[in-house]
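Here the structure is a predicted model, which is why all the values come from computation and not from measurement.
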Amino acid sequence: MNPTNASAITPNRWEELKQWVQDTAQNEANHASIDQAGDQYAVSESRGRISALRSVLAHMELMELKAI
């Protein structure tokens, strides 16, 4: 399913993009531990990226629901 009107985004590319967003958010979550990073600034930055990626993913899912 292509939830956008852009003909350049095929269903496979859409799913690939969604998977990349999910994987990137998970990778950030894995590195967001203060015990691992040892740097509060790095942890805060990582958590900010996680929040942004989750927001993008939520928007993508909303677009899919609107396309149904």
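I50 has its side chain within reach of R54: a pair of non-hydrogen atoms, C-beta onward, lies under 4.5 Å apart. Residues E15 and W20 form no side-chain contact, since every pair of their non-hydrogen atoms from C-beta on lies 4.5 Å or further apart. Within the 4.5 Å cutoff, side-chain heavy atoms of L17 are placed close to those of M60.
Taking every heavy atom of both residues into account, V56 and V21 meet most closely at CG1-CG2, 4.3 Å.
Qualifying side chain to side chain donor-acceptor pair (under 3.5 Å) partners for Q26, counting only residues two or more places apart in sequence or in other chains: N30. Partners of E16 under the side chain to side chain contact (heavy atoms under 4.5 Å, CB included) rule, at least two apart in sequence or in another chain, are R13. With sequence neighbours excluded, the residues that form a side chain to side chain contact (heavy atoms under 4.5 Å, CB included) with L62 are K66. The side chain to side chain contact (heavy atoms under 4.5 Å, CB included) check on S51 picks up nothing, with sequence neighbours excluded. Qualifying side chain to side chain donor-acceptor pair (under 3.5 Å) partners for N27, counting only residues two or more places apart in sequence or in other chains: none.
In this structure, E28 does not pair ionically with R47, as no charged nitrogen and carboxylate oxygen lie closer than 4.0 Å.
Distance CE/M63 to CH2/W14: 4.0 Å, rounded to 0.5 Å.
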